[in-house]
> 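Sharing a structure below in structure tokens format, with a few things to ask.
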Amino acid sequence: GKVDMDYVSSIVSLAVTLIRKVAVGGGTMICFLPGIGDISDMYEETKRLEETGFFRVFVMHSMIAREEQEEAFRAPADNVAHVILASNVAESSITFPNVTA
């Protein structure tokens with residue numbers, strides 16, 4: 001069937017709002033998404049959060065080089081919140097520090 005892009009846009013907007021409200025300095029939030037396309041779409045919206053200086057957004061899926069992912073595995077500073085956008089494959093195989101949401 002046809003994807004309702006207004007619906008998708010509203011879900012992405014809701015996710016960004018939740019990230020803004022729930023994130024804590026020194027903590028890590030993980031958002032599991034079904035596939036690489038969904039991760040890429042969400043990243044396009046959440047990367048703007050980095051402009052505040054409070055957020056650091058990371059993408060985790062099979063197409064990202066290990067070197068690019070390494071910072072996500074370090075604990076965030078007390079004045080920074082990490083946001084991890086990951087495929088659901090990572091749900092049982094990766095451990096991140098200081099997960100709060």
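Values below: all heavy atoms of this structure, side chains included; hydrogens, waters and symmetry mates excluded.
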> Grab the two heavy atoms, one from S87 and one from F32, that are nearest each other, plus how far apart they are.
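That would be O-CD2, 3.6 Å.
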> What about V80 and M29, same hydrophobic cluster or not, with Ile/Leu/Val/Met/Phe/Trp/Tyr joined at side-chain heavy-atom distances under 4.5 Å?
no
> Over all heavy atoms of both residues, which pair between M42 and L33 is shortest? Give the atoms and the distance, please.
CB-CD1, 3.9 Å
> What closest approach, in Å, do R56 and E50 show between heavy atoms, and which atom pair accounts for it?
NE-OE2, 3.4 Å
> Under a 4.5 Å side-chain heavy-atom rule over Ile, Leu, Val, Met, Phe, Trp and Tyr, are L18 and V12 clustered together?
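Different clusters: L18 never reaches V12 through Ile, Leu, Val, Met, Phe, Trp or Tyr contacts under 4.5 Å.
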> Please determine whether residues F54 and L85 belong to a single hydrophobic cluster, defined as Ile, Leu, Val, Met, Phe, Trp and Tyr linked transitively by side-chain heavy-atom distances below 4.5 Å.
yes
> Can you name the nearest heavy-atom pair linking I39 to V59, along with the distance?
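Smallest interatomic distance, heavy atoms only, reads CG2-CG1, 3.3 Å.
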> Mind listing the closest non-hydrogen atom pair of M60 and F73 along with its distance?
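Nearest pair, atom of M60 first, then F73: CE-CE1, 3.9 Å.
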> Is there a donor-acceptor pair under 3.5 Å between the side chain of E45 and the backbone N or O of V16?
no
> Going from OG on S9 to CG on L14, what distance comes out if it is rounded to the nearest 0.5 angstrom?
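S9 OG to L14 CG: 11.0 Å, rounded to 0.5 Å.
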> Could you measure the distance from the OG1 atom of T46 to the CG atom of D41? Nearest 0.5 Å is fine.
10.5 Å
> Hey, what do you get for OG1 (T28) to CZ (F58), rounding to the nearest 0.5 Å?
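So the gap between those two atoms works out to 8.0 Å.
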